[in-house]
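Indexing begins at 1, ligand by ligand and atom by atom, following the structure's order.
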Amino acid sequence: MKITRIAVYHLLIPIQGKPYKLSGGRVFTEFDSTVVSLETDDGVTGWGEACPFGPIYGAAFGAGIRAAMEILAPAVLGLDPLQAERVYDAMDRALQHTGFAKSAIDIACWDIAGKVAGRPLVDLLGGRAQLSPRLISSVSTGTPDEMLAVIARFRGKGYRAHSAKAGGDPAEDVERFRAIDADNAARGDYMQADANRGWALDQALRFARGIAECDMVIEQPCQTIEECAELRRRTGLPVMLDEMVCEVPDLLRAIEHRACDAINIKITRMGGLSRARQIRDLCSHAGLSVSVQDTGGADIAAAAMAHLAQSTPTRIFRGAWDPRELAGVSNADGGPMAADGTIAVSDAPGLGVTPKLDVLGEPIAVYD
Ligand code: MG
């Protein structure tokens, strides 16, 4: 089997509701998504989506993904998509790092593999370890009352796990998260306080001191692995790393420095399903828990995320985030089924999705 044609689609997806706010005054209003299709000489087509969490979340932005495709697509034409690691080798030879762009091609290779096997991707990723992985909310920063209202809305949809954003000012963040914890105490939901690298170490220590009696995990507090390790060592509080872990060597370094108790896996940031699965399995062996997410997108990204989430053992699994909570547009039929705060994939082969060509429009680039 050979990859014979690659089409690249660009889709701007409005964020539902208010603009999304991260620490440090960062705001974004749309997902800048890139979708690729890989066609093969056997007539099987695979799909993948790569979409950053706005241009200010991590080292990725939509136009960068599409520029990288000009290098990556010619490098993988003619290769066998069933040999995903060899496809990855070719991408690595053509372009250093840039996993967020390689992700779309890698996911499409896995979609093809599932379709050829006639099995859902969850089976190729190890099989269903959970019947209905729980979803975790994503709560934009705001006043305590605003954030509690959003959490209450998610609770009404069955969510029992939440990731709420810190704003950056440690005193205000203590006020926010004490209020959230007081509300949460009677309910027993799982809670993450996500600073998105927004604190210097002294600020993170002040926050940690203020919420030390609360039941929550501190997510990505500082910019560096050393700062996060220091925070964890001096407070004894559980720390999850997110943006800082992009590639396998980042995870190995975090483990070496004892910088975290958990990793938030984002498929696009890790470079696709091939690398996200490796990171998930290394975390399991290293005694780290994981969330399974992607950085954005719509139904195609949600499908890849849900297949990986459902193949992740409950013991280490903390929650899956469905980007369709924010996506104002659907880009495929047959995406994972979300209900009662959980998500599950169907038995349809591959990702199980049928992209909506009328929504994707004409490809912005074709390689053949
Ligand atoms: Mg995060």
Quick one: ring pair (Phe, Tyr, Trp, His ring centres under 6.0 Å) pairs with a partner in residues 171-224, sequence neighbours left out? F177-F207, W199-F207
Listing protein N, O or S under 2.8 Å around the Mg ion (ligand 1) gives D194 OD2, E219 OE2, D242 OD2
Shortest non-hydrogen contact from L357 to Y9? CD2-OH, 4.5 Å
Please report whether the ring centroid of F28 lies less than 6.0 Å from that of F53. yes
Is R269 paired with D242 through a side-chain N to carboxylate O contact shorter than 4.0 Å? yes
Between R275 and E85 (salt bridge meaning N to carboxylate O under 4.0 Å), is one present in this structure? yes
Salt bridge flag under 4.0 Å for residues K115 and D111: yes
